[in-house]
Amino acid sequence: MGQLKIFNSLYRTKVLFQPIETGKVGIYVCGMTVYDFCHIGHARVMVVFDVVARYFKYLGYEVKYVRNITDIDDKIIARANEAGEDFSVLTTRFIKEMHHDEADLNVLRPDLEPLATESIDDIIRMINVLIERENAYVGDNGDVYYAVESFEKYGQLSGRKLDDMNAGERVEVDTNKRNPFDFVLWKPAKAGEPSWPSPWGEGRPGWHIECSAMATCCLGDQIDIHGGGMDLQFPHHENEIAQSEAATGVHYVNTWMHNGFVRIDDEKMSKSLGNFFTVREVLKKYRGEEIRFFVLSSHYRSPLNYSEEQLNESRSALERLYTAIRDVEPKRHHIKSDYIERFEEAMNDDFNTAKAISVMFECANDINKQRSLDPEQASLMAGDLLQMAEPLGLLAQDPNEYLQSTTGSDAAISNDDIDSQVTKRLQAKADKDWALADQIRDELKAQGVIVEDKGKETSWRRA
RNA sequence: GGCUGAGUGGCAGAGUGGUUAUGCAGCGGCCUGCAAAGCCGUGUACAGCGGUUCGAUUCCGCUCUCAGCCUCCA
């Protein structure tokens, strides 16, 4: 086995991965705040870390993959108020929707999905420790704050110093804080807001503390890998380190992984900018696997520019891959082929999925060449192709079913109607009525159906 | 102002101190009733300027441009 290297945001270099416990890996990823549908940026996190977890399994690791759900915060409360419903009704609904989107993207469920609201005891316990150790204090307004100056290494992850940051440039400084970068651990509830009892009165946790508490609770004081979007690097993950390491005295995370953003017109896709596409919307025109391929077609740390043109290319690319294994019986190799070697080499290099996929295409090309020359060889190569696709979560469907599946959730001509047209065309062909045969083919094409003749047989697919 | 990261052929996107990425699109050919799929062939790409080197797209420096973080955001 090659050696897996991962780019560690903490050191800004690729580092050989060393598990805390041999053969095992614990992964914690910051998941969704559930007050709305997932957008493509969320899809990227889900897919990227799904591949990370899958690849570790592929390498033979015992994986414990934890991805939390933030189900209490200001925005959730605001949304619930707008909708006139209890916040938990809202969050339960969007958790369900999130799982729905994940399934469409062939994202495997994490092993654990802890909820902030079910971790209140752990959160309170951790805040207590922080107060005892004088890393936290209660402000005049009743908020409990973390004192960033009490943590020497504050800024290590984001590579910034407290003095260099422009506090108050964009947001007014809260005078209850000792340092403008102090952040809330516990917040008293206003009338009518959801709250939990605590030593500091009825209230709710701040955002950062929940992840520290849940990660520690699920994976222990020290964890192998912690991931999330780049925008979480500061302040969220910086604050997590400060909280956890102050509370446990142990090095919190060995490897920090951050994925790049999805962009639209070279601008970050985000909720605050309002320029986002939900997974739901995109699924109206594209298959889930096409979105997944699109995400994996570039390296996870690079920006990913969203466009229909890109999605169309992903569609063509998947068509090529599925077409290659259509009508070939895949067989598993006993030895590791050159493809697999190169695939693993790419994946071992910081999960270079773009490069890994290029190996898959070379394999597909060879299958196409060998298909008629040496079917046995083609079968073995198809086995290789599927072996490579598995950790990427691609090519999991039956090729013909995939190729004939509708290209989105929008209404389309039914399979039955296509079949009857194809039958009509076969008759026309038998009659050598080429004009009619071509007309039927053109009509089907106008409805997104491509007809392919192979001798006396005719197959079709949707494009 | 501070701190990151990036600039590759028509598009997308890997990578490398000297040799073909890969996909899509294009062009020519084979196959086909015609197509489609597939196969074969086909592209003077590495922001600019200097430097190191026998040789740099790849290393170093500077310049320009873009993006991100410093507020909630995946």
Side-chain angles (χ1 to χ4, degrees), chain A residues 9 12 29-33 38-49 67 73-75 155 158-172 180-181 183 207 227-236 238 258-263 266-273 276 293-294 297-299 301-305 307 309-310 312-321 323-324 326-327 342 346 349 352-362 364-365 367-369 371-373 403 429 432-435 437-438 441-442 445 450-455 458-461 463:
Chain A
S9 305
R12 289 184 200 86
V29 170
C30 290
M32 282 270 292
T33 300
C38 297
H39 64 230
I40 296 296
H42 296 117
R44 189 176 196 189
V45 184
M46 290 173 174
V47 169
V48 162
F49 288 101
R67 194 187 57 204
D73 90 322
D74 291 352
K75 273 176 283 190
S158 48
R160 58 189 89 208
K161 296 193 168 83
L162 284 170
D163 296 344
D164 292 341
M165 291 194 279
N166 273 353
E169 171 149 324
R170 293 160 74 188
V171 168
E172 215 175 311
F181 290 99
F183 53 91
W207 174 39
M230 296 238 321
D231 47 356
L232 298 184
Q233 201 165 338
F234 188 91
H236 185 56
E238 192 69 62
H258 292 100
N259 65 274
F261 295 124
V262 177
R263 294 187 192 170
D266 282 327
E267 205 178 34
K268 175 184 171 181
M269 177 188 288
S270 78
K271 292 197 175 174
S272 42
L273 290 169
F276 61 90
F293 186 95
F294 162 65
S297 63
S298 73
H299 187 86
R301 284 189 282 116
S302 307
L304 180 62
N305 222 46
S307 72
E309 195 185 349
Q310 288 270 75
N312 289 338
E313 282 198 14
S314 297
R315 169 167 297 172
S316 304
L318 275 172
E319 236 168 58
R320 181 166 166 79
L321 257 18
T323 304
R326 166 172 78 169
D327 306 326
R342 289 191 295 135
D349 184 12
N352 192 336
T353 54
K355 196 176 182 183
I357 286 172
S358 79
V359 178
M360 291 171 64
F361 278 107
E362 288 179 42
N365 180 247
I367 293 171
N368 287 331
K369 276 190 268 194
R371 187 196 308 279
S372 52
L373 295 175
L403 291 166
K429 279 185 41 162
K432 296 206 189 294
D433 185 351
W434 306 127
D438 291 353
R441 185 171 60 197
D442 289 346
K445 191 175 180 189
I450 308 286
V451 168
E452 298 176 296
D453 294 332
K454 269 174 283 181
T458 288
S459 64
W460 61 268
R461 63 188 163 83

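To find a chain, count down the sequence lines: A is the first, B the second, and so on, and within it residues start at 1. Any value given below was found using the heavy atoms of this structure, including those in side chains, with hydrogens, waters and symmetry copies removed.
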Counting any heavy atom closer than 4.0 Å, what does A/Ser270 reach on the DNA or RNA strands: base, sugar-phosphate only, or nothing? base
Less than 3.5 Å between a donor and an acceptor, one on the side chain of A/Lys268 and one on the base of B/C73, is that the case here? yes
I'd like the P distance from B/G15 over to B/U58, given in whole Å. 15 Å
Stems for RNA chain B (at least 3 consecutive Watson-Crick or G-U pairs, under 3.5 Å) come to B:1-7 with B:64-70, B:10-12 with B:22-24, B:26-30 with B:38-42, B:47-51 with B:59-63
Looking for any heavy atom pair under 4.0 Å, which part of the strands does A/Arg12 touch: base, sugar-phosphate only, or nothing? sugar-phosphate
Hey, what do you get for CG (A/Leu232) to OG (A/Ser158), rounding to the nearest 0.5 Å? 12.5 Å
Could you give the CZ-to-C1' distance, from A/Arg441 to B/U32, as a whole number of Å? 10 Å
Round to the nearest Å and state the distance from A/Gln310 atom CD to B/C11 atom P. 12 Å
Pick base, sugar-phosphate or nothing for A/Gly260, based on heavy-atom distances below 4.0 Å to the nucleic acid. base
Of the candidate nucleotides B/C40, B/G15, B/A74, which contains the atom at the shortest distance from the side chain of A/Lys369? B/C40
Distance check, rounded to the nearest 0.5 Å: A/Glu319 atom CD versus A/Arg461 atom CZ? 4.5 Å
Under 4.0 Å, counting only non-hydrogen atoms across every strand here, what does A/Gly41 touch: a base, just sugar-phosphate, or nothing? base
Are OP1 or OP2 of B/G1 and a side-chain N or O of A/Arg160 less than 4.0 angstrom apart? no
Indicate whether A/Trp434 forms a stack on B/G33; treat it as stacked only if centroid distance is below 5.5 angstrom and interplanar angle below 30 degrees. yes
Just how far, in rounded Å, is P of B/A37 from CH2 of A/Trp460? 16 Å
Using a 4.0 Å heavy-atom cut-off, does A/Asp266 contact any base of the nucleic acid, only the sugar-phosphate backbone, or nothing at all? sugar-phosphate
Classify the ring geometry between A/Trp207 and A/His236 as parallel (under 30°), tilted (30 to 60°) or perpendicular (over 60°). parallel
Side chain of A/Glu267 (C-beta onward), nearest among B/A37, B/G68, B/A14: B/G68
Which nucleotide in the set B/G33, B/G23, B/A74 lies at the smallest distance from any side-chain heavy atom of A/Lys271? B/A74
At under 4.0 Å between heavy atoms, what does A/Glu309 touch on the DNA or RNA strands: base, sugar-phosphate, or nothing? sugar-phosphate
Using the C1' atoms only, state how far B/A36 lies from B/C30, rounded to an integer number of Å. 15 Å
Provide the distance between the two C1' atoms, one in B/U57 and one in B/C46, to the nearest whole Å. 4 Å
Using a 4.5 Å cut-off on heavy atoms from C-beta on, say whether the side chain of A/Met46 contacts that of A/Cys38. yes
Is A/Glu313 touching bases, backbone alone, or none of the nucleic acid, heavy atoms closer than 4.0 Å? base
Whole-Å distance, A/Leu304 CG to B/G23 P, equals 20 Å
Of B/A36, B/A74, B/C39, the nucleotide closest to the side chain of A/Leu232 is B/A74
Shortest side-chain distance from A/Phe234, nucleotide among B/C70, B/U4, B/C40: B/C70
Do the side-chain N and O atoms of A/Asn312 and A/Arg315 include a donor-acceptor pair separated by under 3.5 angstrom? no
The side chain of A/His39 lies closest to which of these nucleotides: B/A74, B/C72, B/G33? B/A74
Choose from B/A74, B/A37, B/A14 the nucleotide whose nearest atom is closest to any side-chain atom of A/Ser298. B/A14
Find the distance between CD1 (A/Ile367) and CG (A/Asp327) and round it off to the nearest 0.5 Å. 12.0 Å
Need one value for A/His299: base, sugar-phosphate or nothing, where a base atom within 4.0 Å counts as base even if backbone is also close, heavy atoms only. sugar-phosphate
Carboxylate-amine/guanidinium proximity below 4.0 Å for A/Arg263 and A/Asp266: yes
A/Ser459 near the nucleic acid: base, sugar-phosphate alone, or nothing, with a heavy-atom cut-off under 4.0 Å? nothing
Looking for any heavy atom pair under 4.0 Å, which part of the strands does A/Met269 touch: base, sugar-phosphate only, or nothing? base
Does A/Asn312 put a side-chain nitrogen or oxygen below 4.0 Å from OP1 or OP2 of B/C24? no
What is the distance from atom CD of A/Glu452 to atom OG1 of A/Thr458, rounded to the nearest 0.5 Å? 9.5 Å
Going by an N to O cut-off under 4.0 Å, is there a salt bridge joining A/Glu238 and A/Arg160? no
Per the atom types in the model, does the base of B/A74 pair as donor or acceptor with the side chain of A/Arg44 at under 3.5 Å? no
Can you tell me the distance, in whole Å, between the CZ atom of A/Phe181 and the C1' atom of B/C69? 12 Å
Just to confirm, is there a sub-4.0 Å distance from OP1 or OP2 of B/G38 to any side-chain nitrogen or oxygen of A/Arg320? yes
Find the distance A/Phe361:CZ to B/G38:P and express it as a whole number of Å. 11 Å
Any N or O donor-acceptor pair under 3.5 Å from the base of B/C34 to the side chain of A/Asp453? yes
Looking at every non-hydrogen atom in both residues, tell me the closest pair between A/Gln233 and A/Ser9 and how far apart they are. NE2-CB, 4.1 Å
Using a 4.0 Å heavy-atom cut-off, does A/Asp74 contact any base of the nucleic acid, only the sugar-phosphate backbone, or nothing at all? nothing
Is there a side-chain polar atom (N or O) of A/Asn368 under 4.0 Å from OP1 or OP2 of B/C39? yes
Any side-chain to backbone donor/acceptor pair from A/Asn352 onto A/Lys355? Under 3.5 Å, distance only. yes
At 4.0 Å (heavy atoms only), tell me whether A/Ser297 reaches a base, stays on the sugar-phosphate, or touches nothing. sugar-phosphate
Tell me what A/Val262 touches on the nucleic acid: a base, only sugar-phosphate, or nothing, going by heavy atoms under 4.0 Å. base
Could you tell me whether the side chain of A/Met230 reaches within less than 4.5 Å of the side chain of A/Phe261, counting heavy atoms only? yes
Rounded to whole angstrom, note down the C1' distance from B/A47 over to B/A6. 11 Å
For A/Asp231 and B/C70, what is the distance between atoms CG and C1' respectively, to the nearest whole Å? 13 Å
With heavy atoms under 4.0 Å as the rule, sort A/Ser302 into base, sugar-phosphate or nothing. sugar-phosphate
Residue met sooner reading RNA chain B from 5', once A/Lys454 and A/Asp164 are mapped to nucleotides: A/Asp164
Pair of N/O donor and acceptor under 3.5 Å linking B/G33 base with A/Asp438 side chain: yes
Between A/Asn305 and B/A12, is there a side-chain N or O to OP1/OP2 distance below 4.0 Å? no
Sticking with atom P, work out how far B/A56 lies from B/G1, rounded to a whole angstrom. 35 Å
Spacing of the P atoms in B/G48 and B/G10 (rounded, Å): 14 Å
Could you give the NE2-to-P distance, from A/His236 to B/C70, as a whole number of Å? 13 Å
Which nucleotide, B/C39, B/A14, B/C73, lies nearest any side-chain atom of A/Trp207? B/C73
Nearest to the A/Ala317 side chain among B/G23, B/C39, B/A74, which nucleotide is it? B/G23
